Amino acid sequence: MSGEKSHLALLRILGPIHVWALGVGIVLVGEFTGWNFSADKGGALAALIACWIIGLLYTAVAMIDSEVTSTVAAAGGQYAQAKHIVGPLMAFNVALYLVFAYTMLEVSNAILVGDLMVATAGPDAGIERHGFVVLMIAVLCFLNYRGVLVTLNINFVITALAFLSIIILFFSVQPWSQGTVLQLGKMVTPENALPYGWLGVLASFQFGIWYYLGIEGTTQAAEEVRSPARSLPFGTMTGMITLLIGATITWYVCASMLPWEYLGFTFFPLYDAAKMTGSASLEFLLFWGTVLAGVASANGCINDASRAWFSLGRDRYLPAWFSAVHPTYRTPYRSILFLLPIALAFAFISDLNQAITFSILSGVLQYTFMSINVMMFRKKWPLGSIRRGYVHPFHPLPALILLVLCIITYGAVFLGYGSQLIAMVAFYLVVSLWFHFYRYRYVQRGAQFSMPWPRPSGY
Amino acid sequence: MWHMLSNAAWVIGAALILWMLWDWWKTDTTHSEDMLTSSREGEIEAVSEKHKI
């Protein structure tokens, strides 16, 4: 082994566009599928209310995340934040939320793309989605294995193309001229706007999360970004603005072209809207937009889940074996490979709704943590005590809004998937007990707190 | 054609997974475990993010 490097680290090589590509790439698939199930829960108007209120939730998430992550620039994102600000048990749980949310989102994307291929082939072709699922997950793991720069460069291109397909569809249906192509007045009437009343609006929040689920994943790139204090807030906030525009356009086009009963049922609302125009080129464009959005999302999810798993290994929360960095590609290769068969197994045995629900539940648990986390952060390290790349305004209002909206969303999830919610909370309780009574003895307790911060206020 | 595409997807996917497994074995047998797991959180901050308020 003489002559080999004695020390390895992840490469610090990314810029703001990669942060944007990671965040928007993970989320954009939610405009192509997922959000529309909120119409099934409460009607087309409820889907729009969910779009804006859940948009408020995620704006709070993006602002809070930008401030804390510009200070805690480490792989693992919210896990590293939780470890330094709340404590190890919270950090262990947050890392599991991250791994579950991203792995199940990756599974959902692979199922979506596989199903789209099968639907395009038609029932006469007699093929199953499994081959396409294996190909997609294997190709993306391969990319992630070979290096973060090429992975996120590709993500930037395919995410931009998918977003462009939405914009082209929007201008092709002449949004300035209602009645020419778009028929919002006929599709959404006072009689059918809220068919289940305000309870339907509440229930719609569960799938309204899909407009933005995963934007917080930008923080996982913290250790690989050249200037985290600048790039992370910039990439995250521009990503959130992109998504708010994309979500509103998507709702407007789809609600103006598809009846709410169908909108709440279909798996491909934008693709179906393109079909309704009768234009073969728009249909072609939105088909590939849907595929590319699914691929970009799964790609970002593999990146994020592997960083969270890698961070757990590095702090000995899991065996240190997982913390290996590839000497050539500088990626957490063992974590990437370990999560690959897990994703494949879930893609084979679960359906899209189950995978989406597990992803959403883990996401909401994480956002609840973030609201508490930022209040503790400001209390322990007040403004002026440490350098922040970004300071979010109106504190503690965004944190309180986030907490309230999370509680409302738990109610919405309980209405639709109460047993899964209880099962998931029970799972996290059991693994917390395992961590506290067994695993924590292996953790290097002093070494895990790595930020060069002053002693917290009041300690 | 769709059957051929589906079969090709299985073959390409399996080939990529086998390549990663081979590279994993090669990497683990070529380098020491201490070196592979030497990454530490926060070392970049300690070097490049020194600053004053």
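Note on naming: letters A, B, ... go to the chains in the order of the sequence lines (proteins, then strands), and numbering restarts at 1 for each one. Note that the coordinates shown come from a computational prediction; the quantities given were computed from them, not determined experimentally.
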Output a table of donor-acceptor pairs, distance under 3.5 Å, between side-chain atoms of residues 114-127 of chain A and any protein atom two or more places apart or on a different chain; print 'none' if there are none.
unit_1, atom_1, unit_2, atom_2, d
A:D115, OD1, A:R129, NH1, 3.2
A:T120, OG1, A:L116, O, 2.7

* **Candidate pair A:W321 and B:E33, rule side chain to side chain contact (heavy atoms under 4.5 Å, CB included), full reasoning** => CA-CA 8 Å; A:W321 186 83; B:E33 188 65 13; 3.7 Å; yes
* Sub-4.5 Å side-chain heavy-atom contact between A:I336 and B:W24 ->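 No; the side chains remain at least 4.5 Å from each other.
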* Below 4.5 Å, heavy atoms only, C-beta onward: do A:T328 and B:H31 meet side chain to side chain? ->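 No, their side chains stay 4.5 Å or more apart.
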Please say whether more than 12 non-hydrogen atoms of neighbouring residues, nucleotides or ligands are located less than 6.0 Å from [atom1] in [X].
X	atom1	answer
A:W288	CH2	no
A:F348	CZ	yes
A:F322	CZ	yes

* **Heavy-atom donor-acceptor pair, B:S38 side chain to A:L8 backbone, under 3.5 Å** =>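 Looks like yes, one N/O pair under 3.5 Å.
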* **Exercise: identify the closest heavy-atom pair between B:G13 and A:A138** =>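 Where B:G13 meets A:A138 most closely, the heavy atoms are O-CB, 3.5 Å.
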* Asked: Minimum heavy-atom separation for B:M35 to A:H7, with atom names?
  ->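 Looks like CG-N, 4.3 Å.
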* For chain B, the option from A:E128, A:M136, A:K83 that forms the most heavy-atom pairs under 4.5 Å ->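 Counting heavy-atom pairs under 4.5 Å, the top option is A:K83.
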* Asked: Which residue out of A:G76, A:A324, A:P332 racks up the most heavy-atom pairs below 4.5 Å with chain B?
  ->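 Of A:G76, A:A324, A:P332, A:A324 has the most heavy-atom pairs under 4.5 Å with chain B.
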* To do: Kindly assign one of parallel, tilted or perpendicular to the pair B:W2 and A:F132, based on the angle between their ring planes and the thresholds 30° and 60°.
  =>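 Ring orientation of B:W2 relative to A:F132: perpendicular.
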* Asked: Relative to each other, are the rings of B:W19 and A:Y329 parallel, tilted or perpendicular (30° and 60° limits)?
  ->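 Aromatic pair B:W19/A:Y329 classed tilted.
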* Please walk me through it: do B:M20 and A:N144 pass side chain to side chain contact (heavy atoms under 4.5 Å, CB included)? -> CA-CA 11 Å; B:M20 284 187 279; A:N144 275 276; over 6 Å; no
* **Distance-only donor-acceptor check, side chains A:R314 and B:S39, under 3.5 Å** =>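 Short answer, yes.
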How long is the gap from [atom1] on [X] to [atom2] on [Y], to the nearest 0.5 Å?
X	Y	atom1	atom2	value
B:E41	A:Q448	CD	CD	9.0 Å
B:R40	A:S450	CZ	OG	11.0 Å
A:R146	B:L16	CZ	CG	10.5 Å

* A:F142 and B:D23: CA distance, side-chain angles, deciding distance, side chain to side chain contact (heavy atoms under 4.5 Å, CB included) verdict -> CA-CA 11 Å; A:F142 177 77; B:D23 187 76; over 6 Å; no
Chain B contact via [X] - which portion, at a heavy-atom distance below 4.5 Å:
X	answer
A:F449	neither
A:L340	side chain
A:L344	side chain

* Do you know which of B:A8, B:A14, B:A15, B:S6 has the most heavy-atom pairs under 4.5 Å to chain A? ->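 Greatest number of close heavy-atom pairs with chain A: B:S6.
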* Taking only residues two or more places apart in sequence, or in another chain, which ones meet A:W453 in a side-chain hydrogen bond (donor to acceptor under 3.5 Å, both in side chains)? ->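 Per chain and number, A:W453 pairs via side-chain hydrogen bond (donor to acceptor under 3.5 Å, both in side chains) with no residue.
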